[in-house]
Amino acid sequence: MTKRRTDRILLAHGGGGRLTDQLIRRHILPQLKNDALAELGDSAKLDLSSASVCFTTDSYVVKPLFFNGGDIGKLAVCGTINDLAVAGSRPVALTLSLIIEEGFEFALLAKILSGIGEAARQSDAQIVAGDTKTVESGAAEGIFINTAGVGVRLPGVDLGFEKITPGDRIIINGTIGDHGMAIISQREGMEFQSRLRSDCAALAGLTCRLLESTNGIRFMRDPTRGGLAAALNEIAAGTGLAVEISETDVPVDPTVRAAAEMLGFDPLTIANEGKFVAVVSPESAEQCLNICKSHPLGGNAAIIGTVVQASDVPTVELMTEIGGRRIVPMPYGRELPRIC
Amino acid sequence: MLERIEKAKDQMTAACEAMGRPINIMEVCGTHTVSIFRNGIRSVLPAGLRLLSGPGCPVCVTDQSYIDTVLRLADRDDLLIATYGDMIRVPGRGGSLETKRAKAAVRVVLSSEDALQLARDNPSKVVVFIAVGFETTAPATAVVVKEAAADSLENFCIFSGHKLVVPAMRALLSDKNNNIDAFLCPGHVSAIIGYGAFGEIVDNFGRPCVVAGFEALQIMEGLAEICRQLSCGEPELKSVYTAVVTRDGNTAAQKIIDECFEAVDGYWRGLGKIKKSTLRLRDEYGRFDAVQRFGLHEIPAEDTTGCRCGEVLCGLIEPPQCSLFERACSPEMPVGACMVSSEGACAAWFKYGRKRECRK
Ligand code: SF4
């Protein structure tokens with residue numbers, strides 16, 4: 001049965017006229033439920049507690065739009081919040097731009113918007129401005145989303161590569177590769193896809209608690225595309241120091257490991273959407289670990305390695321389970337599933 | 001587990017000392033190659049023990065002429081090319097399948113079944129499945145050919161590049177210059193053909209053949225067993241992968257390969273023409289054979305890039321000894337097939353290798 005036309009987005013919904021107004025008032029605002037947006041002014045006014053802010057933006061063009069553990073909307077909010085969080089700020093305001101393909105179902109849009117609203121509320125950040133455009137059928141994959149965000153920098157917190165010194169420990173707040181494997185397995189229709197769940201989550205609650213409890217945190221990064229391997233290589237390149245991690249200490253879910261094995265992927269290179277890597281002083285490592293472990297998003301947190309002086313070029317090295325060593329390379333672009 | 005690893009290491013060290021000369025063991029399986037690097041196995045081996053990565057990566061061993069032919073097929077408007085992911089970046093004359101993909105005539109599939117489905121979904125095009133791989137993927141190709149025949153699905157055919165492992169090992173050892181003391185035999189392939197298939201290598205060439213799985217412990221114990229055999233001068237056929245591999249293998253899979261394919265002489269990258277080493281569809285399935293359907297001729301191509309994949313595949317050099325390695329040739333800009341596939345020796349060295357682990 002084909003859906004009635006009114007169940008779907010029309011090009012005119014982006015035209016700025018009556019239909020646009022309807023789309024915003026009937027479908028978008030109720031899902032986001034916040035006062036700042038309800039005024040529908042030309043721009044949002046923010047009263048911030050500090051003049052020092054972090055500001056970031058990211059666009060989301062993902063396939064599939066819905067996956068186990070989240071959807072493009074939740075991802076778009078969490079991604080921007082996490083970028084602000086790992087920079088050492090408390091996210092306060094986001095903007096949301098939707099580019100919707102003509103013919104997209106309202107029911108799906110509602111689902112995406114409810115995920116957006118929920119993720120924003122959970123991290124106490126408000127969506128304060130937005131924009132909606134429609135494009136002709138075929139010009140987008142259902143929906144593209146852009147978010148931008150402002151976070152207020154936490155007082156006394158100053159994170160950066162230059163703060164990292166040899167001896168610092170490396171902490172991750174849980175298992176790696178969950179998001180990437182959930183997406184890949186669903187895209188490829190693998191049999192165990194139902195057991196793989198994206199870790200998509202907003203981390204600001206946990207990172208703020210860490211930063212407010214200790215001043216031992218030197219640097220944080222969210223290991224999204226390129227996974228833990230990319231994040232650690234960036235640390236090595238940014239500091240000129242080497243990073244050593246221990247294979248047995250890096251948390252990997254057994255199903256993720258098995259699925260990665262099947263496709264010939266290295267879990268270290270697979271994307272995460274609810275993880276951060278923190279470089280912390282050796283003295284504060286245990287305390288940081290305990291704070292993570294007592295938080296719902298850090299139950300499987302672990303100290304996975306150490307920053308050391310580089311012998312020649314700054315590299316990331318993995319101490320393997322059998323006592324061997326190998327380089328963890330910077331992942332290069334898209335990995336391809338192997339043949340057998 | 002660590003205890004067994006230590007024991008294996010001790011056995012290898014003892015054997016190397018007893019031998020009093022370097023030992024060269026070749027793995028003929030891309031999954032082994034990757035696992036050896038990922039687990040840092042080279043870094044724990046005794047100094048005298050060298051691992052050579054042989055012709056075990058399905059993409060790497062495909063001859064250049066095969067790649068060039070595939071690229072020519074991708075130019076035709078009436079065809080859809082269905083290929084495994086790691087084939088698409090192999091450079092050939094005038095680009096790679098990846099550069100052709102823009103024209104949407106090239107689709108990446110995860111299985112032969114996906115390729116068949118592509119044919120069902122696109123009745124106006126002829127789908128050509130780029131069927132590469134060893135005995136591990138050949139049965140899956142055979143299954144879809146049979147399905148296509150049963151359903152009279154005339155818009156489907158395969159371009160077989162399927163290769164057999166044992167003839168390649170034979171060819172390597174027949175070269176007087178070879179430096180291979182023993183083979184670590186592939187787990188996946190052995191699960192199909194049975195470890196008994198390597199008996200002729202032990203009998204005719206006196207080289208130990210030991211089948212191992214892909215975990216670090218399996219590989220270490222396989223290598224230790226090889227060292228033990230070498231040091232006491234008694235080459236044997238053995239499997240340490242007993243959970244999966246039997247002497248006779250998977251007879252049902254062998255049967256379906258045999259029903260659909262026959263072994264013919266074929267070209268390999270670096271190894272040249274090897275007798276009865278390549279699978280061709282039997283005449284009764286000829287209409288599903290791209291070679292017959294489109295009158296393709298495999299002409300061995302002259303490689304002018306300076307790529308030394310051939311020597312790498314024969315275990316004669318290690319990738320860092322190729323002057324293009326890391327300079328002109330990298331996974332982003334591969335010159336040869338061994339740098340493209342995730343299982344290729346050059347790609348594995350590039351990603352995980354440390355120069356100091358190289359021979360010289
Ligand atoms: S490094 Fe590149 S050019 Fe050299 S042998 Fe390997 S694939 Fe060929």
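The figures here come from the full heavy-atom set of this structure, side chains too, leaving out hydrogens, waters and symmetry mates. Reminder, nothing fancy here: chain letters follow the sequence lines and each chain counts from 1.
With a 4.5 angstrom heavy-atom cutoff, B/Ile41 touches chain A via backbone and side-chain atoms both.
Distance CD/B/Glu215 to CD/A/Glu261: 7.0 Å, rounded to 0.5 Å. The line from CE of A/Met262 to CG of B/Leu110 is 8.0 Å long, rounded to the nearest 0.5 Å. Within the model, atoms CD1 of A/Ile327 and OG of B/Ser43 stand 10.5 Å from one another, a figure rounded to the nearest 0.5 Å.
Applying the side-chain hydrogen bond (donor to acceptor under 3.5 Å, both in side chains) test to B/Gln117 and every residue at least two apart in sequence or in another chain returns B/Asp121. Taking the side-chain hydrogen bond (donor to acceptor under 3.5 Å, both in side chains) definition, one finds that B/Thr62 meets it with nothing, sequence neighbours left out.
Side-chain contact between A/Glu247 and B/Asn39: present, with at least one pair of heavy atoms (C-beta onward) separated by less than 4.5 Å. The shortest distance between side-chain heavy atoms of B/Arg38 and A/Thr320 does not fall below 4.5 Å.
Of all heavy-atom pairs spanning A/Arg326 and B/Gly40, the tightest one is CB-CA, 4.2 Å. The two atoms that bring A/Gly324 and B/Val44 nearest to each other are CA-CG1, 3.4 Å, heavy atoms only.
The environment of NZ in A/Lys293 is crowded: more than 12 heavy-atom neighbours from other residues, nucleotides or ligands sit within 6.0 Å. More than 12 heavy atoms of other residues, nucleotides or ligands shown are found within 6.0 angstrom of CZ on B/Arg120. Around CD of A/Glu321, the count of heavy atoms belonging to other residues, nucleotides or ligands within 6.0 Å does not exceed 12.
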